[in-house]
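Have a look at the structure below before the remarks.
We name chains A, B, ... by the order of the sequence lines, and we start the count at 1 in each one. If you're wondering where the values come from, they're calculated on a predicted model, not measured in any experiment.
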Number of protein chains: 2
Amino acid sequence: MKTSAEQAYEFIRTEILASRFPSGSRLPEEKIAAQLDISRTPVRDALRRLHSDGLIDLTANSGARVASWSAVELMEMSELRALLESFAVGLAARKINAGELANLVQLCDEMEAALSVDKVDLDVISANNVTFHRSVANAAGNSRLTANLESLWTFPLMVRKFALFGDDRLKRSLDHHREITTALHAGDPQWAEAIMRTHILAARAYDAALVSDPQLSENGQSQIAS
Amino acid sequence: MKTSAEQAYEFIRTEILASRFPSGSRLPEEKIAAQLDISRTPVRDALRRLHSDGLIDLTANSGARVASWSAVELMEMSELRALLESFAVGLAARKINAGELANLVQLCDEMEAALSVDKVDLDVISANNVTFHRSVANAAGNSRLTANLESLWTFPLMVRKFALFGDDRLKRSLDHHREITTALHAGDPQWAEAIMRTHILAARAYDAALVSDPQLSENGQSQIAS
DNA sequence: GAAGCTGTAATTGTATACGAAATCATAGAT
DNA sequence: ATCTATGATTTCGTATACAATTACAGCTTC
């Protein structure tokens, strides 16, 4: 059986990622505790963890709020991702093994299958997308690098429903994944780094347009809406 | 007045960095709480924070231990630092202002003063060293980048007493700082990135020799000693 | 002597209680 | 009508109690 703290962590995280706890909203310990029928103590633990994940802001004596990011911060995060993931894929190209490669190929296959049918399965694509990037980072064999990337993969999960919808961007993104896999198979670090950087900066350009769109913003300060 | 949680955090962190809580040793909540005359609750908070800082390991139902790093992990951390800080200093070279530059110059002056006298003041040099790197990262203007670097600056603080002692490495390190400042003043991102990378990889080479030295290792597995 | 078992002590996980600080709604002043 | 002040309410910070789990010493067994 899972601990109450773990349960609270997963619950709050899921609700935030699903935007059922909207960006900027308060997260009172007692209410969440009551909702899960546990006490405040494990909820506090969960909130601290989520804070270090960057998902919530904590203010002394005032409690937790779901984090919100400005357009500038989103740009910063994408730049970091481009830097770290291109570095990671370069390392991976030098040392990836057959099993890891086969895994990446399968993830690509599944994503393309989820796209090729009439009804696009965004849940599968989104989940596999994160798994793909995580697998590449793991293949680089630098655990701290992976840890630093983890928080940067969280945000795309939140906006995927906007970012991936109704566009040929999705097909292009899957093509990128396929090409990254090919470059890794070829053991070509420079190629791998270039296509990974392309992949992330292409997404950044789209996200930027998204965030500056007032329709999707919470207010004029261009923050990510619920 | 500081909160008890903050007090516990700073206390434990200080003791770890001073190696009075040796690497690998257990950190029982109750004993620390008794030592500070507070309850376990704020101590738990502090331990969770230190865990996300990477300073301690947490095991379910078994508690906290001071983290220890293998030689491989130290190498990984240095590689990450080289990547992130050279990126940061490149950004900084494009946008740093006069006030920030003057601050860096003063830090260099103070470090050189602490070295030039007969008795080397390692405390001043160590403190200014971290401040210098933090200031450069701040000048880059990417808050998430700074946050990711923060945990990577922690380790050098722990081993400084070994790493900086009895060597001309110290003078070379201060020369690097001076040259980084000069490159920033010139607004030359490539120069700045190159000298920053040099600075960090030079330290890495020294750390590697240090860690593989069994005299300074806790055991044959080449971990950092207390 | 080494390996496995067992019971006690130590330690963590969680619940609950209370004082302190912040928030919010209401009333009054400009 | 807007702003400010004030009291009630909410919420957090911390202490404490108890249950659940783990660690360790001493014993047994081979």
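Using a 4.0 Å cut-off, no side-chain N or O of A:R48 falls inside it from OP1 or OP2 of D:dC12. Between C:dG13 and B:R44, a contact under 4.0 Å exists linking OP1 or OP2 to a side-chain N or O. Between A:R40 and C:dG13, a side-chain N or O to OP1/OP2 separation shorter than 4.0 Å is absent. At the phosphate of D:dT14, neither OP1 nor OP2 sits under 4.0 Å from any side-chain N or O atom of B:T41.
Protein atom CG of A:N61 is 20 Å distant from nucleotide atom P of C:dC18, rounded to whole Å. One atom, CD of A:E6, and another, C1' of D:dA20, lie 17 Å apart when rounded to the nearest Å. Taking atom CD of residue A:Q35 and atom P of nucleotide D:dT11, one finds them 13 Å apart after rounding to whole Å.
Nucleic acid contact for B:L47: none, since no nucleic acid atom lies under 4.0 Å from a heavy atom of the residue.
We find that B:E76 and A:R144 are not joined by a salt bridge, their nearest charged nitrogen and carboxylate oxygen being 4.0 Å or further apart.
Ring pair A:H133/A:W153 is tilted by interplanar angle, where 30° to 60° counts as tilted. Relative orientation of the B:H176 and B:H199 rings is perpendicular, given thresholds of 30° and 60° on the angle between their planes.
When distances run from any side-chain atom of B:S62 to the nucleotides D:dC12, D:dA23, D:dA15, the shortest one goes to D:dA23. For A:S4, counting side-chain heavy atoms from C-beta on, the closest listed nucleotide (C:dT14, D:dC12, C:dT11) is C:dT14. Residue B:R26 has its side chain nearest to C:dT11 when only D:dC12, C:dT11, C:dT14 are considered.
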